[in-house]
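Shown next, in C-alpha cells, is the structure this report addresses.
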There are 2 protein chains.
Amino acid sequence: MEDRLERIKKQLHSAGYKLTPQREATVRVLLEHEEDHLSAEDVYLLVKEKSPEIGLATVYRTLELLTELKIVDKINFGDGVSRYDLRKEGAAHFHHHLVCLECGSVAEIQEDLLEDVEAIVEREWKFKIKDHRLTFHGICHRCQQKHEEK
Amino acid sequence: MEDRLERIKKQLHSAGYKLTPQREATVRVLLEHEEDHLSAEDVYLLVKEKSPEIGLATVYRTLELLTELKIVDKINFGDGVSRYDLRKEGAAHFHHHLVCLECGSVAEIQEDLLEDVEAIVEREWKFKIKDHRLTFHGICHRCQQKHEEK
DNA sequence: CTGATTGCAAACCGTTTGCATTCTT
DNA sequence: AAGAATGCAAACGGTTTGCAATCAG
C-alpha cells in the first residue's frame, strides 16, 4: 500500500507535477477504496474527513491529472456521474464491469476475456485497439437468489 | 423506411402513447440518420428544420420514451453527452462501437462477437446478462494510413 | 523566489421539471 | 370532454473556470 503510494508519487513527480498534501490525500483515498467506484463527490467527502480544508475543485483537478497519467480510469455507467477507478498495476487494459439492474451493485472482472474478440476486430475492421470498455448489465447472483426465495 | 416508421408508430400506440406530429418528426430524423450517433441537441436541430415550433424538452421526452420502449439505445462515450442509436430491428443485443482517438469517428459493429464471453461470465460469475456495452478505443484505419503517408 | 496549485464562488452546460396551454383520441 | 403531450422558462446537478491567495520546489 505505502509502496504503491510511493510509486504514484514518483509518477507525478517525473511528469513534472508537484506533490501537494491534497494530491497525496486524494490518492490515499483511492487506494483505500480500490473496490468501490467512487464519484468525484464521494472522493471529496472522504478526503474531507482527513483534510477538511480541501476544495471540490481540487479533487476534480487531481482526478483529471491522475486520469491523464493513466493511474486512474474515468468511467461512466450512464447515470450522469463519472466514477474513478484505480488501474491495477501493470494492467495493460481496462477491466470489465457487471452492473446489476436491480440493486445497482458493480462487480469487477479482472480477466481479459477479450483477446480473441480483439484479434478479430483488429483484423476485420483494421482498427488498432488501444483500450476497451466492456460492461454487462443484468442480474447479480444475490438478486437472482432473492427471486428464488419467493 | 416508411414501413419501419409505421411499425414504430404501432409500438408507441400499443404502449398507450399518443401519436403526435412532434414524435413522428423525431422518429423520422432518427431513421434518416441511423448511422450517426446523434445527441439530443443534434436531433433537436434536425427536427427543427422541418418543424420549427418543436421544443428541446419535447425531444428529450420523446427520446426517453423511445429508450424505454427499446426502440432506441442511449449511449455515452464519456464526453458528457448522451447519444441515441436506433436499435436494429430484431437485434436482441446492443451493437458495439469503435471510437477513434484521433478523429473521433464512431463505427459500429453489428456482429455479436461476445457469445463465448457471455457464456463464461454467466457460468463463472453467476450473473444473468441482460445486455452489454462494448466500446473499443483506438485508431481507425484511415488515421493509421495518414501516419504511414508521412 | 516564481510558477504551480489551491479554495472559493460564479459560470457552464446538458438535462429535467413545473405549469399553463394545446392537442389526440 | 379529459387526460396526455407540448413549449417555455426556470431549476437542477455535476463539472469547469477565473482569480486572488498560498505553497512546493
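Just so it is clear, the model here is predicted, and its values are computed rather than measured. The sequence lines fix the lettering, A, B, ..., with proteins before strands; numbering per chain opens at 1. Both backbone and side-chain heavy atoms feed into the values below; hydrogens, waters and symmetry mates do not.
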Which sits closer to the 5' end of DNA chain D, B:Arg23 or B:Lys48, going by the nucleotide each is nearest to?
B:Arg23
How about A:Gln22 and A:Glu24: does a side-chain donor come under 3.5 Å of a side-chain acceptor?
no
Please give, in whole Å, the distance from D:dT17 C1' to A:Glu64 CD?
11 Å
Inspect the contact between B:Arg133 and B:Asp73 and indicate whether a charged nitrogen and a carboxylate oxygen are less than 4.0 angstrom apart.
yes
Strictly by modelled atom types, are B:Glu118 and B:His132 linked by a side-chain donor-acceptor pair under 3.5 Å?
yes
Provide, to the nearest angstrom, the distance between the CG atom belonging to B:Asp42 and the C1' atom belonging to C:dC13.
15 Å
A:Asn76 atom CG is separated from D:dT15 atom C1', nearest whole Å, by 12 Å
Any idea which of C:dT24, C:dC8, D:dG14 is nearest the A:Ala57 side chain?
C:dC8
Here the distance between atom P of D:dT16 and atom CZ of A:Arg61, to the nearest Å, is 11 Å
Flag yes if more than 12 heavy atoms outside A:Glu32 fall under 6.0 Å of its CD atom; otherwise flag no.
yes
Between B:Arg83 and A:Glu53, which has a closest nucleotide on DNA chain C that is more 5'?
A:Glu53
For B:Pro21 and A:Val59, find the nucleotide of DNA chain C closest to each by heavy atoms; which residue's nucleotide sits nearer the 5' end?
A:Val59
Testing C:dT6, D:dT15, D:dG7 for proximity to the side chain of A:Thr58, the answer is C:dT6
Rounded to the nearest angstrom, tell me the gap between atom CD in B:Glu24 and atom C1' in C:dT24.
14 Å
Of the listed C:dT15, D:dA4, D:dT15, the closest approach to the B:Lys18 side chain comes from D:dA4
Go nucleotide by nucleotide along DNA chain D from the 5' end; which of B:Ile54 and A:Tyr17 gets its closest nucleotide reached first?
B:Ile54
Starting at atom CG of B:Leu65, determine the distance to atom P of C:dT17, rounded to an integer number of angstrom.
15 Å
Near B:Arg142 CZ, under 6.0 Å, is it more than 12 heavy atoms from other residues, nucleotides or ligands?
no
B:Ser82 side-chain N/O to C:dG14 phosphate OP1/OP2 under 4.0 Å
no
Under 4.0 angstrom between B:Gln22 side-chain N/O and C:dC23 OP1 or OP2
no
To the nearest Å, give me how far apart CG (B:Leu12) and P (C:dT25) are.
11 Å
Please give, in whole Å, the distance from C:dT25 C1' to B:Lys9 NZ?
15 Å
Please tell me if A:Tyr60 has a side-chain N or O lying less than 4.0 Å from either OP1 or OP2 of D:dT16.
no
Side-chain N or O of B:Thr20 less than 4.0 angstrom from OP1 or OP2 on D:dT6?
yes
